[in-house]
J.: 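Right, I'll just put the structure down here and ask away after.
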Amino acid sequence: MNYWLLKTEPDTFGIDDLAKAPGRTSGWDGVRNYQARNLLRDAIKLGDRAFIYHSSCPQPGIAGTARVVRAGYPDRTAFAAKDPHFDPGSDPRKPRWFSIDVQFEQRFERLVSLDELRQHANKKLRGMVLLRTGNRLSVSPVDAAHWRFILALSRGVT
DNA sequence: GCCAACGTTGGC
DNA sequence: GCCAACGTTGGC
């Protein structure tokens with residue numbers, strides 16, 4: 001089992017929207033970056049777990065966790081001309097973009113802010129992809145040790 | 001709104 | 001394949 005971090009803008013779709021979605025489950029689609037696409041298509045497996053990270057908002061940080069309930073499948077939003085994520089270059093017979101389904105797991109009692117994560121960037125969270133300068137990946141891997149440490153942070157254990 | 005740090009595009 | 005121009009992300 002592996003761990004991931006999924007970025008989203010809470011104004012558009014945040015952890016609370018996931019919690020309220022039918023079956024507490026939502027497709028994670030609209031990703032249009034090849035590196036992130038490769039993770040969605042090849043690396044993320046059923047049963048993997050993910051942090052839900054809120055970006056482009058007053059309080060950027062990790063808001064909670066979700067579980068992968070469906071592994072990579074073609075991203076349908078790429079095929080619909082009316083969809084904001086439409087990509088005429090993605091052929092349904094040879095899809096270019098992929099999505100996964102995630103199910104709400106928990107909302108942290110308190111947001112673990114980007115600022116707080118950075119305080120551990122050279123210690124317990126050394127090497128975390130999210131904290132690398134200029135990182136813009138909307139899907140990134142998380143080390144198991146980092147996962148456990150951040151869960152502890154969210155509970156105020158450390 | 002600014003701007004750094006990317007990724008993508010397209011001419012050559 | 002190079003690289004300048006352009007677009008996007010995302011914190012501030």
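By convention in this document, chain letters (A, B, ...) are assigned in the order of the sequence lines, proteins followed by strands, and residues within each chain are numbered from 1. What you see below is based on every heavy atom in this structure, not just the backbone, and it leaves out hydrogens, waters and symmetry mates.
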J.: Return the value, rounded to whole Å, for the distance between atom CZ of Arg118(A) and atom P of dG11(C).
T.: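 So the CZ-P distance, Arg118(A) to dG11(C), works out to 8 Å.
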J.: Give a yes or no on whether the backbone of Arg132(A) and the side-chain of Asn135(A) come within a donor-acceptor separation of less than 3.5 Å.
T.: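 Answer holds: no.
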J.: Are the ring centres of Tyr34(A) and Trp97(A) closer than 6.0 Å?
T.: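 Yes.
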J.: Describe the nucleic acid contact of Ser55(A) in one word from base, sugar-phosphate, nothing, applying a heavy-atom distance below 4.0 Å.
T.: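 Since only primed, P, OP1 and OP2 atoms lie under 4.0 Å of Ser55(A), the category is sugar-phosphate.
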J.: What is the separation between atom CD1 on Ile62(A) and atom C1' on dG10(C), rounded to the nearest whole Å?
T.: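 To the nearest whole Å, that distance equals 16 Å.
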J.: Does any donor atom in the side chain of Asp115(A) or Ser113(A) lie under 3.5 Å from an acceptor atom in the other side chain?
T.: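 Note: Asp115(A) and Ser113(A) side chains miss the donor-acceptor criterion.
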J.: Looking at Asp91(A) and Arg93(A), would you say the former's side chain and the latter's main chain have a donor-acceptor pair under 3.5 Å?
T.: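 Looks like yes, one N/O pair under 3.5 Å.
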J.: How close do Thr25(A) and Asp101(A) get, heavy atom to heavy atom, and via which atoms?
T.: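 Distance-wise, the nearest heavy atoms are CG2-CB, 4.3 Å.
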J.: At under 4.0 Å between heavy atoms, how does the protein contact nucleotides 1-9 of chain B? Give one character per nucleotide, 5' to 3', with B, S or -.
T.: ----BBSS-
